[in-house]
Asks: 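Sharing a structure here in structure tokens format.
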Amino acid sequence: MGEHITEKAPAKLNLSLDVLGRLEGGYHALRMVMESVSFGDTLEITLRKDGEIRLETGLAWLPRDGRNLAVEAARVFREALGEETLGADILLTKRIPVGAGMGGGSADAAAVLRGLNRLTGRPFDGEKLRELGLAIGSDVPYCVCGGSRLAEGRGEVLSPLPMPPECRVVIAKPSFSISTASLFARIDGRAGRTRPDTAGMIGAMEQGDLGGVARRMFNVFEDVLPRSCRDVGAVRSALLDHGALGAVMTGTGSAVFGLFAGDGEAQKAAVALRSLCRDVTVTEFAGEIEV
Ligand code: C5P
């Protein structure tokens with residue numbers, strides 16, 4: 001049983017996102033094709049034996065109390081283990097932009113669950129960690145294992161998918177952030193919306209057809225964005241103009257990403273996108289995370 005561990009927290013992207021209807025408790029039934037990328041945060045976790053949970057980050061504006069999902073995850077883990085004296089020092093190196101739809105807070109929470117589980121001799125299996133994650137947020141169960149998954153229900157019903165075909169991913173985040181709850185509210189009552197072809201997307205992934213995947217990238221939230229979020233469309237157009245095979249907003253935004261067949265094109269597009277957005281990253285899809 002070690003005392004210290006470094007855990008990566010990969011960002012997530014939605015290749016497609018569909019809202020199927022409303023669930024009880026204010027949530028919505030979703031169907032999402034989710035992918036992890038190599039880009040993400042890093043958390044250094046050290047066990048404490050006094051029950052204290054402390055978070056350090058280089059960013060002064062980031063909450064360091066229970067509002068930060070990494071702290072909440074440590075609290076949830078301590079409670080599940082039933083050991084009041086279990087605590088942690090967490091040093092968070094934040095790279096995933098906040099309010100981007102890239103699951104940054106959820107990825108950090110999942111990393112804390114995995115890290116504390118390892119540091120305490122793996123008392124819980126992946127399924128239990130995902131269950132603990134759902135109490136923290138809808139994207140946390142996915143972030144516990146990451147990789148290529150179909151996520152349904154609130155986001156916690158996960159089925160494995162083949163990895164998308166090899167490609168480069170350029171992510172660009174406009175300077176504004178979008179409130180998740182407000183976008184969910186805007187989608188209610190919008191029946192007859194255009195829907196993503198999720199089955200077709202999965203078929204294209206099975207066939208290793210990058211063009212087929214790119215063509216089917218679709219997020220229903222893009223259709224209900226307020227006028228103040230017009231930059232999302234501008235960033236998507238810029239990605240396509242610079243050679244992306246497909247581009248889409250991830251989650252409830254505001255980040256948009258595009259798929260590129262080669263690194264050269266991706267790097268060139270990233271240079272061009274930097275005149276529109278400060279936050280531009282070139283990365284690639286990454287596989288499952290070991291629990
Ligand atoms: O679960 P989480 O705290 O991440 O969700 C944030 C908000 O997003 C919820 O309060 C709800 O408004 C919305 N949401 C939803 N249906 C989901 C997931 C999130 O309506 N499946």
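Both backbone and side-chain heavy atoms feed into the values below; hydrogens, waters and symmetry mates do not. Counting convention: from 1, in listed order, for ligands and their atoms alike.
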Asks: Answer yes or no for R168 and F260: cation-pi contact, defined as NZ/CZ to six-membered ring centre under 6.0 Å and angle to ring axis within 45°.
Replies: no

Asks: Nearest protein heavy atom to atom 10 (O) of ligand 1: under 4.0 Å?
Replies: no

Asks: If you count the non-hydrogen atoms of other residues, nucleotides and ligands that lie under 6.0 Å from CZ in R274, is the total more than 12?
Replies: yes

Asks: When you check the gap from the basic side-chain N to the acidic O, do E156 and R154 get nearer than 4.0 Å?
Replies: no

Asks: Below 3.5 angstrom, do we get any N/O pair linking R154 and ligand 1?
Replies: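 Between R154 and ligand 1 (N or O atoms, distance only) the closest approach is under 3.5 Å.
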
Asks: Report the nearest protein non-hydrogen atom to atom 13 (C) of ligand 1: residue, atom name, distance rounded to 0.1 Å.
Replies: F184 CD1, 3.3 Å

Asks: Suppose we call two aromatic rings close when their centres sit under 6.0 Å apart. Are F184 and F221 close by that rule?
Replies: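 Between F221 and F184, which both carry aromatic rings, the centre distance is below 6.0 Å.
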
Asks: Around atom 8 (O) of ligand 1, find the nearest protein heavy atom and jot down its residue, atom name and distance.
Replies: T180 CG2, 3.3 Å

Asks: Under 4.0 Å between a side-chain nitrogen and a carboxylate oxygen: does that hold for K94 and D108?
Replies: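 Yes, charged N to carboxylate O under 4.0 Å.
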
Asks: So for G26, does at least one of its heavy atoms come nearer than 4.0 angstrom to any atom of ligand 1?
Replies: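 Yes; G26 lies near enough to ligand 1 that a heavy-atom distance drops under 4.0 Å.
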
Asks: Any nitrogen or oxygen of H28 lying under 3.5 Å from a nitrogen or oxygen in ligand 1? Just yes or no.
Replies: yes

Asks: How far is atom 18 (C) of ligand 1 from its nearest protein heavy atom, and which residue and atom name does that atom have?
Replies: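 Closest protein heavy atom to atom 18 (C) of ligand 1: S138 OG, 3.4 Å.
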
Asks: Applying a 4.0 Å heavy-atom criterion (strictly less than), which segment of Y27 is in contact with ligand 1: side chain, backbone, both, or neither?
Replies: both

Asks: Do NZ/NE/NH1/NH2 and the carboxylate oxygens of E72 and R67 come within less than 4.0 Å?
Replies: no

Asks: Is the closest heavy atom of L30 to ligand 1 under 4.0 Å?
Replies: yes

Asks: Rounded to the nearest 0.5 Å, what separation is found between the CE atom of M249 and the OG1 atom of T252?
Replies: 6.5 Å

